[in-house]
Trainee: 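Dropping a structure here in structure tokens format, bear with me for questions.
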Amino acid sequence: MSAAGVVASIGWTLVHFLWQGALIGCATALLLIVLRNARPQARYLAACTGLAMCLAWPALGLALRLPGHSGAQEDAVLLFAAGLVAGSPAGAGWGALFAGQLIPIVGTWAVCALALALRLVAGLLWLGRAAAHERQDPAWQARLDGLAAQFGIGRALRLRIVQGLGSPVTAGWWRPVVLVPAALVSGMPAPLLEALLAHELAHIRRHDYLVNLGQNVVETLFFYHPAVWWISGRIRVERERIADDVAARVLGEPRRLALALSELEKRQFATHHLAQAANGGDLMSRIKRLIRPDSPSMKEALNWKAALPILGLAMGAAAFVHAAPPASAADPDVAAVADFRSCQRPEYPAESLAQKHTGTVSLAFLVATDGAVKEAKVTRSSGHRPLDEAAREALAKCMFKPASAKGQPVEAWTAVQYVWTLG
């Protein structure tokens, strides 16, 4: 496949994720509402499944497009289907618009994704340096090893004391490291700090670091979709609740962990998303869950706030559909037809002729009521840009018999294919 075909395949994958992500977000929100009073493990699984779908669905679409790029015509049909989901079709208007903007769309996405990927790599490098060079504390290392035995963790754990860190964080899977703020070692009572370490060990036992790393990858690839960030945020909230429950059960003292979290809230620490931090999620709600897990106040009632994610995504999808640029002023009964006698035949570009390039280029022309071409776009590349541009420029000078609706000429898009052959 040519480079142009690869770019088009990636571009259509990114465009279609706008409605795919909205559907996944709505489905995940509905499922979380149903599970609002279930165990956090159930909500965590539902949110993780939603985020996995945000990666799997576009990946499948890209895999299907790459072997034989279907071009804009088939993708416009999918956009039409996406519009029907929201109640109004997004037909050829959006298809034609996106078809002409795939290169800038992919370019902008690549630049932003690369910036976020570099940020992710920089964070991982910082964690690696901290694990390798920050100060050790034999006394707290011994406490950590003792707690690890209670959690049934057989892997070797490392503990490092870090200046300027806000909260204990855990990084790594094969050789996990727990980074502890120096301010907590010197300023927090040892039993409370030990409770925070138990919370971090819960993350290690559950291999949460790998899931969190996967979240960062999905966020990097689909940074432009709010559903991805919302689902990922819910995963982090539920993950912290699960870790709290595991730590409280092993310690046998939920109140001690609640007091430790309360101390963190007073210090108003920042959140670290590259690693597992003890201060993730809503600290106050986590404290209440630990102190009174069976209290009626902890049961979530169905209210309008729970519906906000669904309403927001639905409104966004509806706006996308209804803002679609019209493909024509009216639906034509008869499509426009080109009069090839009115223009010269496209001339074979010299460089393409020398390299014996051939192919079929699909074009879309916006034909005015007087038969003149107002706009011309390449909807499917021949695989060779000089051939595409030569056909577009030459055929755009042709006159057309305009499309008609109820016997009256109307402005409309029409499709034309041109085949480049040698001999």
Trainee: Please find the pair of heavy atoms, one from S232 and one from Q215, that lie closest to each other, and give the distance.
Mentor: OG-NE2, 2.6 Å

Trainee: Measure from the side-chain N and O atoms of D388 to the backbone N and O of S382, and report whether any donor-acceptor pair falls under 3.5 Å.
Mentor: yes

Trainee: Counting only N and O atoms by type, is there a donor-acceptor contact under 3.5 Å from the side chain of T49 to the main-chain atoms of L45?
Mentor: yes

Trainee: Keeping the roles fixed (side chain from R43, backbone from R36), state whether a donor-acceptor pair exists under 3.5 Å.
Mentor: yes

Trainee: Could you verify whether a donor N or O on one side chain and an acceptor N or O on the other, from Q417 and T360, lie under 3.5 Å apart?
Mentor: no

Trainee: Quick check: does any side chain N or O of W140 sit under 3.5 Å from a backbone N or O of L159, one acting as donor and the other as acceptor?
Mentor: no

Trainee: Measure from the side-chain N and O atoms of H16 to the backbone N and O of P58, and report whether any donor-acceptor pair falls under 3.5 Å.
Mentor: no

Trainee: Using 0.5 Å steps for rounding, measure from the CD atom of E200 to the OG atom of S167.
Mentor: 6.5 Å

Trainee: Is E219 paired with R236 through a side-chain N to carboxylate O contact shorter than 4.0 Å?
Mentor: yes

Trainee: Applying side chain to side chain contact (heavy atoms under 4.5 Å, CB included) to L179 and I161, what does each step give before you reach the verdict?
Mentor: CA-CA 6 Å; L179 307 179; I161 309 301; over 6 Å; no

Trainee: Under a plain distance cut-off of 3.5 Å, with no hydrogens placed, do Q141 and D137 share a side-chain donor-acceptor pair?
Mentor: no

Trainee: So how far is it from C26 SG to L31 CG, rounded to the nearest 0.5 Å?
Mentor: 13.0 Å

Trainee: Can you tell me how far apart CZ (R206) and CD (Q41) are? Round to the nearest 0.5 Å.
Mentor: 7.0 Å

Trainee: Which heavy-atom pair separates L259 from L192 by the least distance, and what is that distance?
Mentor: CB-CD2, 3.8 Å

Trainee: Between M188 and L196, which heavy-atom pair has the shortest distance, and what is it?
Mentor: SD-CD1, 3.8 Å

Trainee: Assess, by modelled atom type and distance only, whether the side chains of Q355 and H384 contain a donor and an acceptor separated by less than 3.5 Å.
Mentor: no

Trainee: Looking at side-chain heavy atoms only, is the closest gap between V361 and S381 below 4.5 Å?
Mentor: no

Trainee: Provide the closest heavy-atom pair for T28 versus A46 in the form atom of the first, atom of the second, distance.
Mentor: CG2-O, 4.3 Å

Trainee: Would you say I105 and I10 make side-chain contact, with heavy atoms under 4.5 Å?
Mentor: no

Trainee: Okay, side chain of T414, backbone of A336: is any donor-acceptor separation there less than 3.5 Å?
Mentor: yes

Trainee: Just verifying a value: how many Å separate L51 CG and I24 CD1, rounded to the nearest 0.5 Å?
Mentor: 9.0 Å

Trainee: Taking the side chain as everything from C-beta on, heavy atoms only, tell me whether L60 gets closer than 4.5 Å to L64.
Mentor: yes

Trainee: So E351 and H357, side-chain hydrogen bond (donor to acceptor under 3.5 Å, both in side chains) or not? Walk me through it.
Mentor: CA-CA 9 Å; E351 57 180 306; H357 288 163; over 6 Å; no

Trainee: Within the structure provided, determine whether L387 and Y348 are in side-chain contact (heavy-atom separation under 4.5 Å).
Mentor: yes

Trainee: Taking R175's backbone N and O only, do any of them form a donor-acceptor pair with R158's side chain (distance below 3.5 Å, no angle check)?
Mentor: yes

Trainee: If you apply the rule side chain to side chain contact (heavy atoms under 4.5 Å, CB included), what do you find for V180 with L197, and how did you get there?
Mentor: CA-CA 9 Å; V180 182; L197 293 180; 3.8 Å; yes

Trainee: Between I242 and D245, does the side chain to side chain contact (heavy atoms under 4.5 Å, CB included) criterion hold? Intermediate values first, please.
Mentor: CA-CA 5 Å; I242 296 172; D245 293 342; 5.5 Å; no

Trainee: Counting only N and O atoms by type, is there a donor-acceptor contact under 3.5 Å from the side chain of R234 to the main-chain atoms of A47?
Mentor: no

Trainee: How about P254 and L257: do any of their side-chain heavy atoms sit closer than 4.5 Å?
Mentor: no

Trainee: Just how far is it from atom CD1 of I231 to atom SG of C54, taken to the nearest 0.5 Å?
Mentor: 4.0 Å

Trainee: Would you say H207 and W173 are linked by a side-chain donor-acceptor pair, where the criterion is simply a distance under 3.5 Å?
Mentor: yes

Trainee: I want to check something: taking the side chain as every heavy atom from C-beta on, are Y418 and P346 in contact at a cut-off of under 4.5 Å?
Mentor: yes

Trainee: Can you pull out every ring-ring contact (aromatic ring centres under 6.0 Å, His included) where at least one residue sits in residues 39-59? Sequence neighbours excluded, please.
Mentor: W19-W57

Trainee: Do the two ring centres, one from H203 and one from Y209, sit under 6.0 Å apart?
Mentor: no

Trainee: Atom CG in L201, atom CD1 in I153: separation rounded to 0.5 Å?
Mentor: 4.5 Å

Trainee: Are R256 and E194 close enough for a salt bridge, meaning some N to O gap below 4.0 Å?
Mentor: yes

Trainee: So do L125 and R129 actually touch side chain to side chain, heavy atoms under 4.5 Å?
Mentor: yes

Trainee: Provide the closest heavy-atom pair for A171 versus L127 in the form atom of the first, atom of the second, distance.
Mentor: CB-CD1, 3.8 Å

Trainee: Please report the shortest heavy-atom distance between L157 and A148, naming the atom on each side.
Mentor: CD1-CB, 3.5 Å

Trainee: For the residue pair Y224 and L14, establish whether any side-chain heavy-atom pair is separated by less than 4.5 Å.
Mentor: yes

Trainee: Is it the case that the side chain of W12 and the backbone of V7 share a donor-acceptor pair, with hydrogens and angles ignored and the cut-off at 3.5 Å?
Mentor: no

Trainee: Check whether any side-chain N or O of N216 sits under 3.5 Å from a backbone N or O of N212 as a donor-acceptor pair, and report yes or no.
Mentor: yes

Trainee: Go through it in stages, so that I can follow the logic: the residues are R39 and R241, the test is side chain to side chain contact (heavy atoms under 4.5 Å, CB included), and I'd like the CA-CA distance, side-chain angles, deciding distance and then a yes or no.
Mentor: CA-CA 10 Å; R39 299 176 62 194; R241 292 177 175 178; over 6 Å; no

